[in-house]
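Heads up, the thing below is written out as structure tokens.
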2 protein chains.
Amino acid sequence: MAGTRWLDDGEARMWRAFYEMRRHLDKAIERQLADAGLSTADYDLLVPLSEAPGDGLRARDLANHVGWDRSRLSHQLRRMEQRGLLTRRECPSDARGTLITLTPAGRRAVETAAPGHVETVRRHFVDLLSPEEIDTLTAISTRIRDNATDT
Amino acid sequence: MAGTRWLDDGEARMWRAFYEMRRHLDKAIERQLADAGLSTADYDLLVPLSEAPGDGLRARDLANHVGWDRSRLSHQLRRMEQRGLLTRRECPSDARGTLITLTPAGRRAVETAAPGHVETVRRHFVDLLSPEEIDTLTAISTRIRDNATDT
DNA sequence: GCTAGTTTGTTGATACGTCAGCAACACGTC
DNA sequence: GACGTGTTGCTGACGTATCAACAAACTAGC
């Protein structure tokens with residue numbers, strides 16, 4: 001406890017800017033998706049479902065894909081099912097499983113929201129970066145993400 | 001709508017890695033603070049309050065500092081007051097205002113949590129970056145954050 | 001085929017964030 | 001000093017996230 005290595009000025013400035021940047025970016029994306037009648041949680045689920053082949057995805061696989069726990073996913077799926085965006089039915093190969101499939105309305109919702117979403121990501125993020133910065137940020141992000149396996 | 005500029009492979013890889021990185025980083029920080037009995041929302045408020053001189057801060061200034069709206073702040077303050085981390089009293093200079101002050105327990109809570117928090121930020125983020133990367137990330141973050149003034 | 005342990009998905013309780021609306025106050029103008 | 005306008009903070013309602021507990025179905029080992 002005695003020897004805490006506090007952040008120096010440059011590190012602290014970076015951490016603070018990074019923290020605030022995330023907040024602004026989230027806000028911008030949430031606002032845009034809200035205009036399309038979706039939350040980020042909705043969109044996070046709709047995208048992998050829209051890209052899945054044929055029968056949709058098992059809840060388990062969807063959970064792994066977006067990194068949620070089963071409980072959160074279950075609640076969110078129930079609400080989205082009630083809104084008519086997707087359907088749940090029994091999984092034929094494993095009776096414990098649930099197969100999630102987009103309804104036509106669900107597919108329409110993603111496809112309607114997607115262009116505006118990409119545009120927002122561009123205007124508030126990607127288009128503000130040089131090619132070198134994109135490379136650096138890819139390297140940084142994957143390194144930090146993959147580091148989380150320990151502790 | 002017809003001419004949506006979708007993300008190319010490199011951009012998409014970066015955006016996805018960045019998105020996932022944030023989730024992992026948040027988890028790590030939340031877990032550590034939870035061990036100290038605090039949420040990130042608690043900590044976000046406790047830090048500026050602990051650095052404020054004398055009488056504490058007005059709710060308005062605290063809201064500006066962390067970038068929250070008044071409602072969220074009010075709810076959070078009520079909960080933290082009930083837990084004995086801070087007190088609210090009338091602002092002498094402006095009868096509309098509320099003055100927020102840390103209790104000794106509140107101050108103890110930050111000071112206990114801070115070393116572990118910094119250590120977590122280091123292990124999962126700062127210490128994984130080279131000096132050049134820190135500079136790049138500072139530049140990127142401030143640029144993106146300040147861009148949010150429009151739209 | 002039986003048992004023990006694991007995986008999968010659901011539920012209810014609780015805490016949190018957001019929104020719309022409200023009441024009290026400040027401050028300028030007339 | 002009354003009026004209009006903007007500010008400040010609080011509240012109730014609603015949607016969402018997290019946690020613990022549960023039931024059903026699978027799997028491995030015997």
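Just so it is clear: chains get the letters A, B, ... in the order the sequence lines come, proteins before strands, and each one is counted from 1.
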With sugar-phosphate meaning primed atoms plus P, OP1 and OP2, does [X] contact a base, only sugar-phosphate, or nothing at under 4.0 Å between heavy atoms?
X: B:Arg88; value: sugar-phosphate
X: A:Arg60; value: sugar-phosphate
X: A:Ser71; value: base

Between [N] atom [atom2] and [X] atom [atom1], what is the distance in whole Å?
X: A:Gln82; N: D:dC14; atom1: CD; atom2: P; answer: 15 Å
X: B:Leu62; N: D:dC10; atom1: CG; atom2: P; answer: 11 Å
X: A:Arg70; N: D:dC19; atom1: CZ; atom2: P; answer: 13 Å
X: B:Asp26; N: D:dT18; atom1: CG; atom2: P; answer: 10 Å
X: A:Asp94; N: D:dC26; atom1: CG; atom2: P; answer: 5 Å
X: B:Gln76; N: C:dG17; atom1: CD; atom2: C1'; answer: 10 Å
X: B:Glu90; N: D:dT8; atom1: CD; atom2: P; answer: 17 Å
X: B:Ile100; N: D:dC10; atom1: CD1; atom2: P; answer: 7 Å

Worksheet item: So, do A:Thr142 and A:Arg145 sit near enough that their side-chain heavy atoms are less than 4.5 Å apart?
Response: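 Counting from C-beta outward, A:Thr142 and A:Arg145 do come under 4.5 Å.
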Of the nucleotides [options], which has the atom closest to the [X] side chain?
X: B:Arg96; options: C:dT11, D:dA24, D:dT7; answer: D:dT7
X: A:Arg58; options: C:dG17, C:dC25, C:dG9; answer: C:dG9
X: B:Arg72; options: C:dG17, C:dT10, D:dG6; answer: C:dG17
X: A:Ser74; options: C:dT11, D:dA25, C:dT18; answer: C:dT11

Item to complete: Tell me whether the OP1 or OP2 atom of D:dT18 has a side-chain N or O from B:Lys27 closer than 4.0 Å.
Response: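 B:Lys27 to D:dT18 OP1/OP2: side-chain N or O found under 4.0 Å.
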Worksheet entry | side-chain N/O B:Arg79 vs C:dC16 OP1/OP2, d < 4.0 Å | yes
Under 3.5 Å donor-acceptor, [X] side chain and [Y] backbone:
X: B:Arg122; Y: B:His117; result: no
X: A:Thr103; Y: A:Leu85; result: yes
X: A:Asn147; Y: A:Ile144; result: no

Worksheet item: Any N or O donor-acceptor pair linking the side chain of A:His75 to the base of C:dG12 at under 3.5 Å?
Response: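 Per atom types, the contact qualifies.
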Item to complete: Rounding to 10 degrees, work out the angle separating the end axes of the helix from C:dG1-D:dC30 to C:dC30-D:dG1 (five pairs an end).
Response: 20°
Worksheet item: Going through the distances and angles, do B:Ile140 and A:Leu129 end up as a side chain to side chain contact (heavy atoms under 4.5 Å, CB included)?
Response: CA-CA 7 Å; B:Ile140 291 175; A:Leu129 306 174; 3.5 Å; yes
Practice prompt. Quickly, which of B:Arg16, B:Arg22, B:Arg23 forms a salt bridge (Lys or Arg N to Asp or Glu O under 4.0 Å) with B:Glu20? Name it, please.
Written response: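 Of the listed residues B:Arg16, B:Arg22, B:Arg23, the salt bridge (Lys or Arg N to Asp or Glu O under 4.0 Å) partner of B:Glu20 is B:Arg16.
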Worksheet item: When you check the side-chain N and O atoms of A:Thr138 and A:Asp135, is any donor under 3.5 Å from an acceptor?
Response: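 Note: A:Thr138 and A:Asp135 side chains miss the donor-acceptor criterion.
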Discussion item. For a quick test of reading the model, state the closest non-hydrogen atom pair linking A:Leu38 to A:Ala113 and the distance between them.
Written reply: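 Between these two residues, the closest heavy atoms are CD1-CB, 3.8 Å.
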